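Keep in mind the model is a prediction, meaning the values are calculated, not measured. Residue numbering restarts at 1 for every chain, and letters A, B, ... go by the order of the sequence lines.
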Amino acid sequence: MPELPEVEVVRRGLEDHVVGRTITAVDVLEPRSLRRHLPGPADFVARLRARTIVAARRRGKYLWLALDDDVHGDAVLCHLGMSGQMLISDADAPDPRHLRVRLRLDDGRELRFCDQRIFGGLAISEDGAVLPPEITHIARDPLDVAFDPGGFATSLRRRQTGVKRALLDQTLVSGVGNIYADEALWRSRLHYARNTRHLRLREIESLVGHVTDVMTEALAQGGTSFDALYVNVNGQSGYFDRSLSAYGQEGRPCPRCGTPIRRDAFMNRSSFTCPRCQPRPRNGRW
DNA sequence: ATGAATACCTGAGAGC
DNA sequence: TGCTCTCAGGTATTCA
């Protein structure tokens, strides 16, 4: 499901509702959601009891809750995968269908990790309050104040690959997934197969600007929801699906030129382009 | 270095 | 109705 704007919406919800709360108990209903917590579910439960949440942070599509017990700077590291949700609920509200892990809080509410497909998960990150060591390979994202567009342009041009493949590589720039990659490429009039080595500097600058813009706009709309799989911590959908120009628009007219948007299979998923605004490179060079 | 394939999962919808 | 097939916002690992 979620890309950077959706994860940031969730992070803000957690900042508002769980920072300052203490975890009183943990229920693990689905151990596979703790696959990445190598010491296992019992350890996860034992180590969270009585810990206080002091911050909600994010890099790219990862988010984490910094914990304070005056001894460790640990964190609960979370990735939502394709279908993960973090929901804040009153304790007496009925359990949702795909509830996997419940954190009971000291204000009578619960933080519930729900995940239909179990691609996401939670783990305790030792000493991970500032930046979990598990995710140091994840590059800064375009909404990070320390994101370096010039450095990104340099590393992009050192690559020899398709530009969409590079956008989706979380070690080059993080937070971009299939939706916002297609939207930013459409805004930049770039075909996904354009070779990174041969992009003009102004094309890269345009691309970085559009990636930043589209994710900022999506964030302001609460993210993109196609169905009930992406919601904020209060269970509400985002509205950016109404503003999509290319993604999911197969057969509909390009908002710029009216040519029907086409869908191609690419990287075991779909890519949406305007065949007129985003011509396919002919020889793989440009 | 690059990228293809695979693994990890559930469920909705289409077509028969 | 049920069966099979395809598709879906992602990441990590292994192998060519």
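- Of the candidate nucleotides C:dT11, C:dG10, C:dG9, C:dG10 has the atom lying nearest to any side-chain atom of A:Arg269.
- Counting heavy atoms from C-beta on, the side chains of A:Arg189 and A:Arg256 come closer than 4.5 Å.
- Rounded to a whole Å, the CG atom of A:Asp169 is 13 Å from the P atom of C:dG10.
- Phosphate contact (OP1/OP2 of C:dG9, side-chain N/O of A:Tyr247, threshold under 4.0 Å): present.
- If you check C:dC7, C:dG9, C:dA12 against the side chain of A:Arg263, the one that comes closest is C:dC7.
- The side chain of A:Lys61 places no N or O atom within less than 4.0 Å of a non-bridging phosphate oxygen (OP1 or OP2) of C:dG9.
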field: Pairing pattern in dot-bracket form [Watson-Crick, G-U; both distances under 3.5 Å; | = partner strand] for DNA chain B
entry: .|||||||.|||||||
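- Taking the charged nitrogens against the carboxylate oxygens, A:Lys61 and A:Asp141 have no contact shorter than 4.0 Å, which rules out a salt bridge.
- With rounding to whole Å, A:Asp115 atom CG is found 11 Å from C:dG10 atom C1'.
- Proximity of a side-chain donor or acceptor of A:Gln249 to a complementary backbone N or O of A:Tyr247 within less than 3.5 Å is detected.
- For the 3.5 Å distance criterion, the side chains of A:Tyr192 and A:Arg280 qualify, holding a donor opposite an acceptor.
- Separating the NE2 atom of A:His79 from the P atom of C:dG9 is a distance of 14 Å, rounded to the nearest angstrom.
- For the pair A:Leu80/A:Phe113, a side-chain contact is recorded, criterion being any heavy-atom separation below 4.5 Å from C-beta on.
- A:Ser188 pairs by the side-chain contact (heavy atoms from CB on, under 4.5 Å) definition with A:Leu190, A:Ser206, A:Leu207, A:His210, not counting sequence neighbours.
- In this entry the distance linking CD of A:Glu6 with P of C:dG9 reads 12 Å, nearest Å.
- Remark: A:Arg165 is not in phosphate contact with B:dT2, judged by side-chain N or O atoms under 4.0 Å from OP1 or OP2.
- Distance from the side chain of A:Ser270 is smallest to C:dA8 among B:dA4, C:dG10, C:dA8.
- Residues passing the side-chain hydrogen bond (donor to acceptor under 3.5 Å, both in side chains) test with A:Arg157: none are found, sequence neighbours excluded.
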Can you give the donor-acceptor pairs under 3.5 Å from side chains of residues 125-134 of chain A to other protein atoms, not counting sequence neighbours?
residue  : atom : partner  : partner atom : Å
A:Ser125 : OG   : A:Glu134 : OE1          : 2.8

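- With sequence neighbours left out, the salt bridge (Lys or Arg N to Asp or Glu O under 4.0 Å) criterion links A:Arg32 to A:Glu30.
- Protein atom CD1 of A:Ile179 is 14 Å distant from nucleotide atom C1' of C:dC7, rounded to whole Å.
- Looking at residues 135-144 of chain A, you'll see that no heavy atom sits under 4.0 Å from any atom of DNA chain B.
- Distance CZ (A:Phe272) to C1' (C:dC7): 10 Å, rounded to an integer number of Å.
- Aromatic ring pairs are classed by plane angle as parallel below 30°, tilted from 30° to 60° and perpendicular above 60°; the pair A:Tyr180 and A:Phe240 is tilted.
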Using nucleotides 5-8 of chain B, report all nitrogen or oxygen pairs with the protein that are shorter than 3.5 Å.
none

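- Between A:Arg36 and the phosphate of C:dA12, there is a side-chain N or O to OP1/OP2 separation shorter than 4.0 Å.
- In this structure, A:Phe147 and A:Phe152 have tilted ring planes: the angle between them lies in the 30° to 60° band.
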- request: Please report the C-alpha distance between A:Leu244 and A:Glu183 in whole Å, then the side-chain angles of each, then the deciding distance to 0.1 Å, and finally whether the side chain to side chain contact (heavy atoms under 4.5 Å, CB included) criterion is met.
  value: CA-CA 7 Å; A:Leu244 296 175; A:Glu183 290 300 301; 3.7 Å; yes
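- No side-chain heavy atom of A:Glu6 sits under 4.5 Å from any side-chain heavy atom of A:Ile179.
- With sequence neighbours left out, the salt bridge (Lys or Arg N to Asp or Glu O under 4.0 Å) criterion links A:Glu110 to A:Arg102, A:Arg104, A:Arg112.
- Atom pair A:Met267:CE and C:dG9:P shows a separation of 12 Å (rounding to whole Å applied).
- Base contact: A:Phe226 has a heavy atom under 4.0 Å from a base atom.
- Sorted by residue number, the list of members of residues 148-157 of chain A with any non-hydrogen atom under 4.0 Å from DNA chain C is empty.
- Rounded to whole Å, atom C1' of C:dC7 lies 12 Å from atom CG of A:Asp227.
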query: Taking it one step at a time, do A:Ser83 and A:Asp115 satisfy side-chain hydrogen bond (donor to acceptor under 3.5 Å, both in side chains)?
result: CA-CA 5 Å; A:Ser83 55; A:Asp115 189 9; 2.6 Å; yes
Below 3.5 Å between N/O atoms, which protein atoms pair up with nucleotides 11-15 of chain B? Just atom names and distances, please.
residue : atom : partner  : partner atom : Å
B:dG11  : OP1  : A:Arg97  : NH2          : 3.3
B:dG11  : O4'  : A:Gln116 : OE1          : 3.4

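- Listed by chain and number, the residues in a side-chain hydrogen bond (donor to acceptor under 3.5 Å, both in side chains) with A:Asp227 amount to none (sequence neighbours excluded).
- Note on A:Phe240: nothing from the nucleic acid sits closer than 4.0 angstrom, heavy atoms only.
- In terms of the side-chain contact (heavy atoms from CB on, under 4.5 Å) criterion, residue partners of A:Phe119 (sequence neighbours excluded) are, by chain and number, A:Met82, A:Arg117.
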